[in-house]
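Predicted model only: the values in this text are computed from it and were never measured.
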Amino acid sequence: MEQFVRDRITQLRLAKGISEYQMSYDLGHSRGYVYNISSGKSLPSMSEFFSICDYFGITPSEFFDTKSRNPVLMAKAIEELKSLNDSDMLLALTLLNRLNQESP
């Protein structure tokens with residue numbers, strides 16, 4: 001589980017296109033904070049874990065969802081879908097179904 005947390009933070013950080021230093025700074029820590037997590041020297045506390053999830057704009061559940069390659073994009077898509085009316089929601093679902101059928 002510890003390795004998963006480290007790898008997932010790295011995956012999310014790279015998907016966001018930010019450095020370990022920048023993420024450490026954004027979270028209010030010393031420059032080596034995220035490096036220490038990624039390298040296995042430490043793990044975030046529970047409160048820091050929640051801050052990291054907030055930083056990426058995802059829920060803890062989405063953090064641990066291994067089926068979602070990019071939970072940040074998924075969360076953004078879901079937020080957009082929530083604002084659609086029923087007719088547009090059905091249209092979006094139809095498009096998603098068609099795209100999934102065309103996928104290898």
Side-chain angles (χ1 to χ4, degrees):
M1 182 56 75
E2 292 176 7
Q3 189 63 46
F4 174 83
V5 170
R6 290 182 185 105
D7 292 346
R8 188 65 160 170
I9 289 171
T10 299
Q11 175 192 27
L12 294 168
R13 180 181 60 76
L14 293 174
K16 193 170 181 170
I18 55 169
S19 67
E20 289 175 341
Y21 170 75
Q22 183 63 48
M23 183 176 168
S24 297
Y25 177 78
D26 292 345
L27 291 170
H29 291 282
S30 67
R31 67 183 305 151
Y33 176 71
V34 174
Y35 170 79
N36 288 337
I37 293 170
S38 299
S39 67
K41 293 180 182 178
S42 65
L43 281 173
S45 68
M46 200 61 158
S47 63
E48 284 300 320
F49 170 73
F50 290 126
S51 294
I52 289 169
C53 288
D54 286 342
Y55 180 75
F56 290 119
I58 61 174
T59 66
S61 176
E62 291 167 330
F63 182 91
F64 289 104
D65 181 1
T66 58
K67 294 178 184 170
S68 178
R69 289 177 291 146
N70 194 330
V72 176
L73 283 177
M74 183 67 70
K76 287 180 182 180
I78 290 169
E79 280 304 309
E80 290 296 322
L81 287 170
K82 288 179 182 177
S83 67
L84 297 178
N85 62 38
D86 289 349
S87 174
D88 289 342
M89 180 79 72
L90 288 171
L91 181 61
L93 285 172
T94 301
L95 177 60
L96 288 171
N97 284 330
R98 182 168 182 185
L99 290 171
N100 279 327
Q101 289 173 357
E102 294 176 4
S103 296

Distance-only donor-acceptor hits, side chain of residues 27-34, under 3.5 Å, sequence neighbours excluded:
| residue | atom | partner | partner atom | Å |
| --- | --- | --- | --- | --- |
| His29 | NE2 | Glu48 | OE1 | 2.8 |
| His29 | NE2 | Glu48 | OE2 | 3.3 |

Do [X] and [Y] sit in one hydrophobic cluster, given that two such residues count as connected whenever their side-chain heavy atoms are within less than 4.5 Å of each other, even indirectly?
X: Val5; Y: Met46; value: yes
X: Leu84; Y: Leu99; value: no
X: Ile58; Y: Leu73; value: no
X: Phe50; Y: Met1; value: yes

Give me the atom names and distance for the closest heavy-atom approach of [X] to [Y].
X: Ile18; Y: Met23; value: CD1-CB, 3.8 Å
X: Leu81; Y: Met89; value: O-CE, 3.1 Å
X: Phe63; Y: Arg8; value: O-NE, 2.8 Å
X: Ala75; Y: Glu62; value: CB-OE2, 3.9 Å

Is any side-chain heavy atom of Leu12 closer than 4.5 Å to one of Ile52? no
Short side-chain donor-acceptor distance under 3.5 Å, Ser45 and Ser47: yes
Tell me yes or no: between the side chains of Gln3 and Asp7, is some donor less than 3.5 Å from an acceptor? yes
Nearest 0.5 Å, please: how far is [atom2] in [Y] from [atom1] in [X]?
X: Tyr21; Y: Ser24; atom1: OH; atom2: OG; answer: 9.0 Å
X: Asn36; Y: Leu43; atom1: CG; atom2: CG; answer: 11.0 Å
X: Thr10; Y: Ile37; atom1: OG1; atom2: CD1; answer: 9.0 Å

Distance-only, no hydrogens or angles: does the Arg6 side chain make a donor-acceptor pair with backbone N or O of Ser38 under 3.5 Å? no
Charged tip of Lys16 within 45° of Tyr55 ring normal and under 6.0 Å: yes
Sequence neighbours excluded - side-chain hydrogen bond (donor to acceptor under 3.5 Å, both in side chains) pairs with any residue from residues 80-94: Glu79-Lys82
Can you say whether the rings of Phe49 and Phe64 are parallel (under 30°), tilted (30 to 60°) or perpendicular (over 60°)? tilted
